[in-house]
Amino acid sequence: MNAQIRPMKLEDYDAVIALWQRAGLSFEPHARDSRSAISQQIESSGHLMLVAEADGQIVGTVFGSHDGRKGWINRLAVDPRYRRQGLAHQLIQRVEDALAREGLIIVAALVEAPNEPSLELFRKLDYEERRDIIYFRKLLQDRS
Ligand SMILES: CC(C)(COP(=O)(O)OP(=O)(O)OC[C@H]1O[C@@H](n2cnc3c(N)ncnc32)[C@H](O)[C@@H]1OP(=O)(O)O)[C@@H](O)C(=O)NCCC(=O)NCCS
């Protein structure tokens, strides 16, 4: 497969949402994945938000991010028709390279179990599997 990987543009938004739906990726269309939220993210770290195009369509995404201490792999998705051809591997590699260029030395991903394809992918790419960490989170809405 000959996919072209490039930074996401805001004009890609609808196609990206359609891909996530085809891929069965869960996302937050009214919060951090809304058009306005993505627009802000593109302004601050658009070079880490990548799409893959093949046959005139967006067939893959990965949104890298970092807080200056650690890099993250977010919103990794590949169109079902383009899977098992190394595209997720390529997308992750591109984000890893971009993070390394910014001086980051660690990159992490949260995988919602059970997601065997994704778990197998990160294992194959030599990510260390930590089962001793429990993820805490809090929504900071209604705090203006
Ligand atoms: C997970 C996902 C992104 C993988 O995309 P992909 O392009 O098919 O992955 P790759 O072709 O780069 O796979 C690389 C390796 O990962 C592992 N892998 C990928 N999919 C797998 C599957 N379904 N079963 C077992 N191993 C799998 C394999 O080791 C594979 O290497 P191989 O094909 O040489 O055996 C894709 O299945 C997807 O979009 N899933 C739905 C959305 C999702 O779960 N995203 C991740 C959220 S954390």
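Values below: all heavy atoms of this structure, side chains included; hydrogens, waters and symmetry mates excluded. Along the sequence shown, residues are numbered consecutively beginning with 1. Numbering of ligands and ligand atoms starts at 1, following listing order.
- Scanning all protein heavy atoms for the shortest distance to atom 39 (O) of ligand 1 gives V78 N, 2.8 Å.
- Inter-residue side-chain proximity for H89 and Q93 is flagged as met; some heavy-atom pair is nearer than 4.5 Å.
- Looking only at side-chain heavy atoms (C-beta outward), I5 and E53 stay at 4.5 Å or farther from each other.
- The protein non-hydrogen atom at the shortest distance from atom 26 (N) of ligand 1 is E120 CB, 3.3 Å.
- In terms of protein heavy atoms, atom 31 (O) of ligand 1 is closest to K124 NZ, 3.2 Å.
- Within the 4.5 Å cutoff, no side-chain heavy atoms of V107 are placed close to those of K70.
- Within the 4.5 Å cutoff, the side chain of I73 has heavy atoms near those of the F122 side chain.
- For ligand 1, the atoms sitting less than 4.0 Å from at least one non-hydrogen atom of H89 are 12 (O), numbered in the order shown with element in parentheses.
- Under a 3.5 Å cut-off, the side chain of D97 and the backbone N or O of R94 do not form any donor-acceptor pair.
- Listed by number with element, the atoms of ligand 1 under 4.0 angstrom from any heavy atom of Q85 are 11 (O).
- Taking every non-hydrogen atom of N115 and a distance limit under 4.0 Å, the qualifying atoms of ligand 1 come out as 43 (C), 44 (O).
- The ligand atoms of ligand 1 that sit less than 4.0 angstrom from a heavy atom of A23 are 41 (C).
- In this structure, the side chains of F63 and V95 stay at 4.5 Å or more apart for every pair of heavy atoms.
- At a 3.5 angstrom cut-off on N or O pairs, F122 does not count as close to ligand 1.
- The contact set between ligand 1 and L121, taken as ligand atoms under 4.0 Å from a residue heavy atom, comprises 12 (O), 13 (O), 14 (C), 15 (C), 16 (O), 17 (C).
- D55 has no carboxylate O lying under 4.0 Å from a charged side-chain N of R81, or vice versa, which leaves the two without a salt bridge.
- Of the protein's non-hydrogen atoms, R83 NE, 3.5 Å is the one closest to atom 36 (C) of ligand 1.
- Of all the listed residues (S118, P117, A88), A88 holds the heavy atom that lies closest to atom 6 (P) of ligand 1.
- Counting atoms of ligand 1 from 1 in the listed order, those under 4.0 Å from a heavy atom of L25 are 42 (C), 43 (C), 45 (N).
- With contacts defined as side-chain heavy-atom distances shorter than 4.5 Å, the pair V78/R22 does not qualify.
- At a threshold of 4.5 Å between non-hydrogen side-chain atoms, the residues Q41 and R32 count as touching.
- Taking each of R75, R22, R84 in turn, the one with a heavy atom nearest to atom 8 (O) of ligand 1 proves to be R84.
- Set against the non-hydrogen atoms of A77, the atoms of ligand 1 under 4.0 Å away are 39 (O).
- Nearest non-hydrogen protein atom to atom 45 (N) of ligand 1 is L76 O, 2.7 Å.
- Residue L91 forms a side-chain contact (heavy atoms from CB on, under 4.5 Å) with just one option from V62, T61, V51, and that option is V62.
- Note: no N/O pair closer than 3.5 Å links L110 and ligand 1 by distance alone.
- Counting heavy atoms from C-beta on, the side chains of I92 and Y127 come closer than 4.5 Å.
- Contact analysis puts G86 in contact with ligand 1, with a non-hydrogen atom separation below 4.0 angstrom.
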